[in-house]
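Proteins get letters first, then strands, A, B, ... in listed order; numbering begins at 1 in each.
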Protein chains: 2
Amino acid sequence: MDQVESALGLSVDIDGNVVPVREKTPQVRRVGARCAHCSSPRVSDILSRWFELIVCTGCVRARPELYSLHSKTAAKEEYLLADEDLSELPFMMRANSRHPSWAPVQLFLAKHLHIQALRKHGGTEESLMQAFEERERRRTLLRQSRGRLPQRLHFTQDVDLSGTESAPPADLLSDPLEHRHDWREETSIDGETAVVCSTCRVPASGHVRRRSPSPGPGSPPDRKRANRRGQAAQPTWTRGSEAALVSPGPAAAEAPGAPLFGHFDLSSGSDTD
Amino acid sequence: MDQVESALGLSVDIDGNVVPVREKTPQVRRVGARCAHCSSPRVSDILSRWFELIVCTGCVRARPELYSLHSKTAAKEEYLLADEDLSELPFMMRANSRHPSWAPVQLFLAKHLHIQALRKHGGTEESLMQAFEERERRRTLLRQSRGRLPQRLHFTQDVDLSGTESAPPADLLSDPLEHRHDWREETSIDGETAVVCSTCRVPASGHVRRRSPSPGPGSPPDRKRANRRGQAAQPTWTRGSEAALVSPGPAAAEAPGAPLFGHFDLSSGSDTD
DNA sequence: GCTGTTTACTAACAC
DNA sequence: GTGTTAGAAAACAGC
Ligand SMILES: [Zn+2]
Ligand SMILES: [Zn+2]
C-alpha cells in the first residue's frame, strides 16, 4: 500500500495558542501517489490535505457513505455521537456559507464517524441500529409528554464530495471499513504524537465512551492524545487570520466557494492535484 | 363546615433559623370539633396537629388512599412528583425508626400528594396514569441500555394510619377530593401567610411544575409562599432539640414508638384527643 | 452550525 | 430515608 510521509503544520496565533487546523499539505508527498482503492493518480486534494487519505476523486464519488463530510452537529445527530467522541477525529474547517459571521463549520469524514459510532454502540451494525431505535423511542416519549416537537434539523452545511457526474471506477477495492487497522505508524498532530491507522486514518483509541459493556475488537493501543483545541476562553477562530482557518493553506488551489445550501461540488475536477 | 382557628407555632434555634416544624397544636381548638366526614368527635390527633384536618379515626381507617402518610422519597416515586412539588405541602416529621441517627423522615399526606400529582400531570386520572406509564417505559429503556437495574425501593417508613381492627363508619361523606376548593381562608405558616383550602388544607398554588400544557381547573389564587426551610448549610435537624422535632410538641400524648418496619399503629385509640 | 448555559432526571454516596 | 453530588441528555440563546 502506498504510504505518505505525513507532516502536519501548526498555526500559532499572537497569543501563542495552537489553532486546531491543519494548514499545510503533507510536506513530503510521494510523487505519483495513487488511489488506495483503484490506483488512479487523480487524488482528492481535500482528503489528502485534511485527512491524510489518498483516494481518487472517482472513488470518492462512488462511495459517499465513506467519503462525505458532515458538520459536527450533523455528526452527533446522525451517528449518535457526543462531543467527546469527536474530539480525537481530524476535521476540515470551513466558513459557514449562510452565516459568514458565525463560527466555522467543522466537517468530519463519514468513514471516521461510522467507526466511532460502532466503537461506541456495541461494535456491530445491529447493536448500532438498536441504539438508534432506542433514541427514537426515547424522543418519542419526550415529545408526547411535552406535547411539542422540536422541529427537524437540516444540516445545510454538510458536504457531498461526490459531485454530480463522472462514472465511478468499477474496480473498487474491498470496503476499507473491513480492513484490519494498522496501528504501527505514529503520527504527529499539532505537536502531539498520535497513533492512527495507516489505512483509514482513524485514531487508535478515539476516546469513545462505550454505551454497551462489550468492548469489541479492533482498537488495541490506547495512548493518550491531547485534545487538539486548547482551553481557549475566547473563540479561537476570531483571533487568527480567518482565511487561514477556512482553507488548507495558501498553496492550495481549492474548489470554488459553495454556491448555496453549503453544497460543495468537486465534480469539475478541481479537487485533484 | 366546622372551622378551626389555626395558629401554628414556630421554632427558632440559637442561630435564629426558623425550624420548619409545626410544634404546637392549634392554640384555639373549637370545643367539640367533629369529623368532617361523619361528625364523630373522636378526631385524629395526628391529622389535626400536623395537617390541620379534623377527621375521626374511623374515617381515617376507612380511607387509607386519602389519609396514609408517605415519606418524601416514597412520595416522589409513587406520585411522580419532584422536590419542588412537595415544597409547599405540610408534612409530619418523625425519627427514622430503623436508623435513629439518620435524618428524620418527612411524611406527607396521601390526599395532598394525589392532588399535586393531578395538578402536575394533566389534571385527570387518565393523564396521570399515562405519565406513570411513560416513566416506566423511559426507565425500561434506560435499564436495558445500561444493562443494570437499580433495585426496588421498599419505603419502610411509610405510615398507615388505618391500624388493623375497627370497622369504618358506613356513613362517609362524598370523597373530599371532589369538593370545590375554598381559598377564602388565609393561614399563617411559619410566619408566612398562605392560602390553603379550608376543607382539605392543600395549598392554593403548590408551586407545581406542570408537565402537560393544559392548566386544568381548580387552583386560582397564586400568591407566593416562602419555602418553609431556609437555605440551611447544615442539616437543621441537628441543631435544635431533636425531641421537639419529631413530635408535635410536649403537650402531645402521641402513639407509642414504631415497633418495627416503621409502622405506626393508631388503632388502639391513642390517636384521638 | 458552534458554544455555552440551563433544566430535568438518574445513579451513587454518606450520614 | 434524606441530602448532596455527578453524569447524561435535551432545550435555549448568542453569535
Ligand atoms: Zn480510486
Ligand atoms: Zn369520621
Side-chain angles (χ1 to χ4, degrees), chain A residues 20 69-77 80-86 91 93-108 120 134-135 138-143 145-146 148-151 153-159 209 211 229 231-238 245-246 261-262, chain B residues 69-77 80-86 91 93-108 120 134-135 138-139 141-143 145-146 148-151 153-159 209-211 229 231-238 246 261-262:
Chain A
L69 302 180
H70 302 261
S71 76
K72 193 182 206 176
T73 302
K76 293 193 278 188
E77 173 66 21
L80 214 42
L81 296 171
D83 276 300
E84 335 135 14
D85 308 318
L86 303 174
F91 57 86
M93 278 184 110
R94 193 156 162 274
N96 187 316
S97 58
R98 311 186 91 177
H99 305 271
S101 66
W102 289 4
V105 176
Q106 299 173 19
L107 293 167
F108 293 83
K120 182 170 192 174
E134 268 185 32
R135 181 180 70 172
R138 200 176 343 119
R139 288 183 171 177
T140 303
L141 285 180
L142 268 188
R143 278 186 257 252
S145 76
R146 309 243 175 109
R148 249 182 62 277
L149 58 162
Q151 76 189 357
L153 300 175
H154 283 164
F155 308 128
T156 65
Q157 300 296 313
D158 287 4
V159 170
R209 287 206 193 166
R211 264 331 183 90
R229 48 178 58 250
Q231 55 278 42
Q234 307 172 9
T236 52
W237 50 279
T238 59
L245 287 169
V246 294
F261 299 110
Chain B
L69 302 179
H70 302 262
S71 75
K72 194 182 206 174
T73 302
K76 292 193 278 188
E77 174 66 21
L80 211 44
L81 295 171
D83 275 301
E84 336 135 12
D85 308 318
L86 303 174
F91 58 86
M93 279 184 109
R94 194 155 162 275
N96 187 315
S97 58
R98 310 184 92 176
H99 306 273
S101 66
W102 289 4
V105 176
Q106 299 172 18
L107 294 167
F108 293 82
K120 182 170 192 173
E134 270 185 30
R135 181 178 72 172
R138 197 176 346 121
R139 286 182 171 177
L141 285 179
L142 262 189
R143 276 187 259 252
S145 74
R146 306 233 179 118
R148 249 181 63 279
L149 58 162
Q151 79 189 355
L153 301 175
H154 283 165
F155 307 128
T156 64
Q157 299 297 313
D158 285 4
V159 170
R209 289 208 190 165
R210 262 178 262 289
R211 264 334 181 89
R229 48 180 57 249
Q231 56 278 44
Q234 308 172 8
T236 52
W237 49 278
T238 60
V246 293
F261 299 110

| said: Over all strands shown, is B:Ser71 touching base, sugar-phosphate only, or nothing at heavy-atom distances under 4.0 angstrom? | reply: sugar-phosphate
| said: I need the CD-P distance between A:Glu77 and D:dA11, as an integer number of Å. | reply: 10 Å
| query | Just how far, in rounded Å, is C1' of C:dT3 from CE of A:Met93? | reply | 12 Å
| query | Between B:Arg138 and C:dT10, is there a side-chain N or O to OP1/OP2 distance below 4.0 Å? | reply | yes
| field | Nearest-neighbour nucleotide for the B:Arg139 side chain, D:dG1, C:dT10, C:dG1 considered | value | C:dT10
| query | What's the NE2-P distance between B:His99 and C:dC13, to the nearest Å? | reply | 17 Å
| message | For a quick test of reading the model: is some side-chain N or O of B:Gln106 closer than 4.0 Å to OP1 or OP2 of D:dG3? | response | yes
| field | Any A:Lys76 side-chain N or O less than 4.0 Å from OP1/OP2 of C:dG1 | value | no
| In whole angstrom, what separates A:Glu84's CD from D:dA6's P? | 17 Å
| message | Expressed as a whole number of angstroms, how long is the span from B:Leu107:CG to D:dT2:P? | response | 8 Å
| task | Quick one: list whatever passes salt bridge (charged side-chain N to carboxylate O under 4.0 Å, His left out) with B:Arg135, sequence neighbours left out. | result | B:Glu77
| Choosing from D:dG3, C:dG1, D:dG1, which nucleotide comes nearest the side chain of A:Thr156? | C:dG1
| said: Under the criterion of centre distance below 5.5 Å and interplanar angle below 30°, is A:Trp102 classified as stacked on the base of D:dC15? | reply: yes
| query | What are the two closest non-hydrogen atoms of B:Lys76 and B:Ala82, and how far apart are they? | reply | CD-C, 4.1 Å
| When you look at B:Val159 and B:Arg94, which way does the side chain to side chain contact (heavy atoms under 4.5 Å, CB included) test go after all the steps? | CA-CA 10 Å; B:Val159 170; B:Arg94 194 155 162 275; 3.9 Å; yes
| note | Separation of C:dT5 atom P from A:Asp83 atom CG, nearest Å, is 14 Å
| message | Counting only side-chain nitrogens and oxygens, does B:Ser101 get under 4.0 Å of the OP1 or OP2 atom of C:dC15? | response | no
| query | Going through the distances and angles, do B:Lys120 and B:Leu81 end up as a side chain to side chain contact (heavy atoms under 4.5 Å, CB included)? | reply | CA-CA 8 Å; B:Lys120 182 170 192 173; B:Leu81 295 171; 4.1 Å; yes
| query | C:dT10 C1' sits how many Å from B:Arg143 CZ, rounded? | reply | 11 Å
| Which nucleotide in the list C:dT3, C:dG1, D:dG1 gets nearest to the side chain of A:Lys72? | C:dT3
| task | May I ask you to verify if any side-chain N or O of A:Arg98 is less than 4.0 angstrom from the OP1 or OP2 atom of C:dG1? | result | no
| message | What is the separation between atom CZ on B:Arg135 and atom P on C:dT10, rounded to the nearest whole Å? | response | 7 Å
| field | Contact check, side chains of A:Asp83 and A:Lys72, non-hydrogen atoms, under 4.5 Å | value | yes
